[in-house]
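Below you will find the structure I want to go over with you.
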Amino acid sequence: MAVPKFTTLGCRLNAYETEAMKELSEAAGVKDAVVVNTCAVTAEAVRKARQEIRKLRRENPDAKLIVTGCAAQTEPQTFSAMDEVDLVIGNTEKMQPETWSRMGPDFIGKTEAVQVDDIMAVTETAGHLIDGFGTRSRAYVQVQNGCDHRCTFCIIPYGRGNSRSVPAGVVVDQIKRLVDRGFNEVVLTGVDLTSWGADLPMTPKLGDLVMRILRLVPDLPRLRISSIDSIEVDESLMQAIATEPRLMPHLHLSLQAGDDMILKRMKRRHLRDDAIQFCEEARALRPNMTFGADIIAGFPTETDAMFENSIKLVSECDLTWLHVFPYSAREGTPAARMPAVDGKTIKNRAARLRAEGEKQVAAHLASQIGKTHSVLMENPHMGRTEQFTEVTFADPQAEGQIVTAAIKSSQGNQLVA
């Protein structure tokens, strides 16, 4: 093994940053290394990281094994204590060229076994941008990192630091390059996307960035937003939803629960009525809008009645795509000290939420039959509608192109053209 081998655990942002590390390590001439980019979102995620590290060491006994990512940032001692691990580097360090240069063949000197600085002291976004990470059809652009909020269940701010934004001009220039390279869809990503701009001069909002991209990159066919906090959505973003057909009618919402007391104990900034009102307003502006949402099942102190409010929220907000998370206590968070719901109840509640989500998906698919959609092809036989619904094709289509397709039926969780 000459070039480093990378394993990514966790979110889309981690996958984006793995692509950056590949470029940085290649430029530095790093050889014979295995890099694990970890996730810290739950205790289970950390357990999986340790399991993956042991497996990779067995498969690569002579390689330098490097651990980075959110779990490495939040608990470096856990990984540095593992016999399989040679080096632990933090989330800031992993994006710095000098970190990788110190591992290059020409470096003479000692490399510290743990390179993890105080993430809260970081005030700049990573300067390393990736042109075209994703499929050949869709590119992801990281415009923000970190989070200033302190939800009681979440360890991520301690892995990512406080919120930092990429300036709008830098984002626009990158998207222009991506369009020039033939990408038909760009997805804006971040840890807390709706906080974009709060640390920039004049404190612009995410909606200002969206409108600027659509105005200054007229050749971009489709712009998509990843997960957002609906309570932070600004007027410009609502205007873009209403007036910009190139902004895709699909929003993934960080809702987490449908009961007001649980939302307060989570230290969320919205109540259930805020979520319902946002979905109603967005759909009034854009009737074909679909919503996904993150919902946690079995948060500490959640009673049956409280959980029923989360179940009802699925239909009240007309959520289509659910990401259901059975609550998992994360050491170091306030929620871990709250009275826990028993594991069997958590599992049953998660199953009920998923079943509710499946009903919503089935209803959505049924409503699309007979309609015509613009579909961005991810591979010759599968693409996605503007609402992010998968569509399958019997006849091969050009990968990366947007094709017009009449929907004939549905199969599983896919539409059939």
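Just so you know, these numbers use all the heavy atoms, side chains as well, and skip hydrogens, waters and symmetry mates. Residues: numbered from 1 along the sequence shown. For clarity, every value in this text was computed on a predicted model and none was experimentally measured.
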Checklist entry - Okay, side chain of Asn60, backbone of Ala33: is any donor-acceptor separation there less than 3.5 Å? => result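 Pair absent, no side-chain N/O of Asn60 close to backbone of Ala33.
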
Item to check | With Lys94, the side chain to side chain donor-acceptor pair (under 3.5 Å) member among Thr99, Thr68, Thr18, Asn37 | outcome: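 Exactly one pass, corresponding to Asn37.
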
Next on the checklist: Just to verify, what does Asp259 make a side chain to side chain donor-acceptor pair (under 3.5 Å) with, not counting sequence neighbours?
Outcome noted: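 Asn309.
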
Checklist entry - Does any N or O in the side chain of Thr38 come within less than 3.5 Å of the main-chain N or O of Ala71, such that one atom is a donor and the other an acceptor? => result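 Indeed, once roles are kept as given, a pair shorter than 3.5 Å links the two residues.
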
Item to check | Inter- and intrachain pairs under side-chain hydrogen bond (donor to acceptor under 3.5 Å, both in side chains), touching residues 233-243, at least two apart | outcome: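 Output for this query lists Asp208-Ser236.
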
Checklist entry - Taking it one step at a time, do Tyr327 and Glu302 satisfy side-chain contact (heavy atoms from CB on, under 4.5 Å)? => result CA-CA 11 Å; Tyr327 175 75; Glu302 184 183 68; over 6 Å; no

Item to check | Close side-chain approach of Arg54 to Arg58, heavy-atom, < 4.5 Å | outcome: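 Yes; the side chains approach each other to less than 4.5 Å.
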
Checklist entry - Backbone N or O of Phe393 within a donor-acceptor pair of the His381 side chain at under 3.5 Å? => result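 At least one qualifying donor-acceptor pair exists.
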
Checklist entry - Do you know which two heavy atoms are closest between Thr74 and Ala40, and how far apart they sit? => result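 It is OG1-CB, 3.9 Å.
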
Item to check | Heavy-atom pair with the smallest gap, counting every atom of His250 and Gly292 | outcome: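 Scanning both residues, the minimum pair turns out to be NE2-N, 4.4 Å.
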
Checklist entry - With distance as the sole criterion, is a donor-acceptor pair present between the side chains of Thr290 and Gln387 under 3.5 Å? => result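 Distance-only check fails for Thr290 and Gln387.
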
Checklist entry - Do the side chains of Ile225 and Val187 get nearer than 4.5 Å, heavy atoms only? => result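 With C-beta onward as the side chain, the pair stays apart.
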
Next on the checklist: Using the rule side chain to side chain donor-acceptor pair (under 3.5 Å), only one of Thr389, Asp318, Thr320 pairs with His364; which is it?
Outcome noted: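 One option only clears the test, and that one is Thr389.
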
Checklist entry - Nearest heavy-atom pair of Val375 and Ala405: which atoms, and what distance? => result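 Distance-wise, the nearest heavy atoms are CG2-CB, 4.2 Å.
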
Item to check | Residues Arg268 and Asp229 bridged, charged N to O under 4.0 Å | outcome: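 Yes, charged N to carboxylate O under 4.0 Å.
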
Next on the checklist: Can you tell me how far apart OG1 (Thr78) and CD (Glu331) are? Round to the nearest 0.5 Å.
Outcome noted: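 The OG1 atom of Thr78 sits 8.0 Å away from the CD atom of Glu331.
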
Item to check | Close side-chain approach of Arg47 and Glu44, heavy atoms under 4.5 Å | outcome: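 Yes. Closest side-chain heavy atoms under 4.5 Å.
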
Checklist entry - Step by step, would you call Gln401 with Gln397 a side chain to side chain donor-acceptor pair (under 3.5 Å)? => result CA-CA 8 Å; Gln401 297 307 301; Gln397 309 293 318; over 6 Å; no

Checklist entry - Heavy-atom distance under 4.5 Å between the side chains of Met266 and Phe153, does that happen here? => result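 Met266 vs Phe153: side chains touch.
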
Checklist entry - If you measure from NE2 on His149 to CD1 on Ile156, what distance do you get to the nearest 0.5 Å? => result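 That separation rounds to 14.5 Å.
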
Next on the checklist: Main chain of Asn162, side chain of Asp148: is a donor-acceptor contact present, judged purely on distance under 3.5 Å?
Outcome noted: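 Between the backbone of Asn162 and the side chain of Asp148 there is no qualifying donor-acceptor contact (under 3.5 Å).
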
Item to check | Asp86 with Arg57: basic N within carboxylate O range, under 4.0 Å | outcome: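 Counted as a salt bridge, because a side-chain N and a carboxylate O are separated by less than 4.0 Å.
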
Checklist entry - Does any non-hydrogen side-chain atom of Ile53 lie less than 4.5 Å from one of Phe79? => result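 A side-chain contact exists here, since the closest heavy-atom pair is under 4.5 Å.
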
Checklist entry - Rounded to the nearest 0.5 Å, how far does CG of Leu251 lie from OG of Ser226? => result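 The CG atom of Leu251 is 10.0 Å from OG of Ser226, to the nearest 0.5 Å.
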
Next on the checklist: If we check side chain to side chain contact (heavy atoms under 4.5 Å, CB included) with Glu232, which of these qualifies: Thr194, Leu193, Leu206?
Outcome noted: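 The option that passes is Thr194.
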
Next on the checklist: Can you see whether Tyr158 has Arg150 sitting over its ring - NZ or CZ less than 6.0 Å from the centre and within 45° of the normal?
Outcome noted: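 Relative to the ring axis of Tyr158, which defines the angle, Arg150 lies inside both limits.
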
Checklist entry - Got Leu255 and Asp294 here, is their nearest side-chain heavy-atom distance under 4.5 Å? => result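 Contact flag for Leu255/Asp294 side chains = no.
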
Item to check | Beyond-backbone contact of Lys31 with Lys64, side-chain heavy atoms, under 4.5 angstrom | outcome: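 Lys31 does not reach Lys64 side chain to side chain.
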
Item to check | Atom pair OG1/CZ of Thr152 and Arg330 - distance to nearest 0.5 Å | outcome: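 Separation between the atoms: 14.0 Å.
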
Checklist entry - Looking at Arg222 and Glu386, does any basic side-chain N land under 4.0 Å from a carboxylate oxygen? => result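 Salt bridge absent between Arg222 and Glu386.
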
Checklist entry - Has the side chain of Ser410 got a donor or acceptor atom that lies under 3.5 Å from a matching backbone atom of Leu415? => result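 Such a contact is absent between Ser410 side chain and Leu415 backbone.
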
Next on the checklist: I need the minimum non-hydrogen distance between Pro249 and Arg286, along with the two atoms involved.
Outcome noted: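 Shortest heavy-atom contact: CD-NH2, 3.8 Å.
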
Item to check | Test salt bridge (charged side-chain N to carboxylate O under 4.0 Å, His left out) applied to Glu185 and Arg384, Arg224, Arg246, the passing residue | outcome: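 One option only clears the test, and that one is Arg224.
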
Next on the checklist: Do the side chains of Lys48 and Glu52 get close enough for a salt bridge, i.e. N-O under 4.0 angstrom?
Outcome noted: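 Salt bridge flag = no for Glu52 with Lys48.
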
Item to check | Non-hydrogen side-chain atoms of Met306 and Met261 separated by less than 4.5 Å | outcome: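 Yes, side chains in contact.
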
Item to check | Between CH2 on residue Trp100 and CD1 on residue Ile89, distance to nearest 0.5 Å | outcome: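 It comes to 4.5 Å.
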
Next on the checklist: One pair to check against side-chain contact (heavy atoms from CB on, under 4.5 Å): Asp260 and Leu263. What are the steps and the verdict?
Outcome noted: CA-CA 5 Å; Asp260 284 347; Leu263 288 166; 4.1 Å; yes

Checklist entry - What is the distance from atom OG of Ser195 to atom CD1 of Ile228, rounded to the nearest 0.5 Å? => result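 It is 12.0 Å, given to the nearest 0.5 Å.
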
Item to check | Closest non-hydrogen atom pair between Pro221 and Phe183, with its separation | outcome: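 It is CD-O, 4.4 Å.
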
Next on the checklist: Between Thr392 and Gln411, does the side chain to side chain donor-acceptor pair (under 3.5 Å) criterion hold? Intermediate values first, please.
Outcome noted: CA-CA 9 Å; Thr392 60; Gln411 188 172 7; 5.6 Å; no

Next on the checklist: Please give me the minimum heavy-atom distance between Leu200 and Trp196, naming the atom from each residue.
Outcome noted: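 Scanning both residues, the minimum pair turns out to be CD1-CZ2, 3.6 Å.
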
Item to check | Audit row: Arg354, Leu322, side-chain contact (heavy atoms from CB on, under 4.5 Å) steps and yes/no | outcome: CA-CA 7 Å; Arg354 291 190 181 107; Leu322 293 190; over 6 Å; no

Item to check | Check against side-chain contact (heavy atoms from CB on, under 4.5 Å), Gln144 and Ser163 | outcome: CA-CA 7 Å; Gln144 183 275 339; Ser163 182; 3.0 Å; yes

Checklist entry - Got a sec: does the CD of Glu59 have more than 12 other heavy atoms crowding it under 6.0 Å? => result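 Counting neighbours around CD of Glu59, more than 12 heavy atoms of other residues, nucleotides or ligands fall under 6.0 Å, so yes.
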
Checklist entry - Is it true that Glu244 and Arg212 make a salt bridge, defined as a side-chain N closer than 4.0 Å to a carboxylate O? => result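 Salt bridge between Glu244 and Arg212, a charged N being under 4.0 Å from a carboxylate O: no.
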
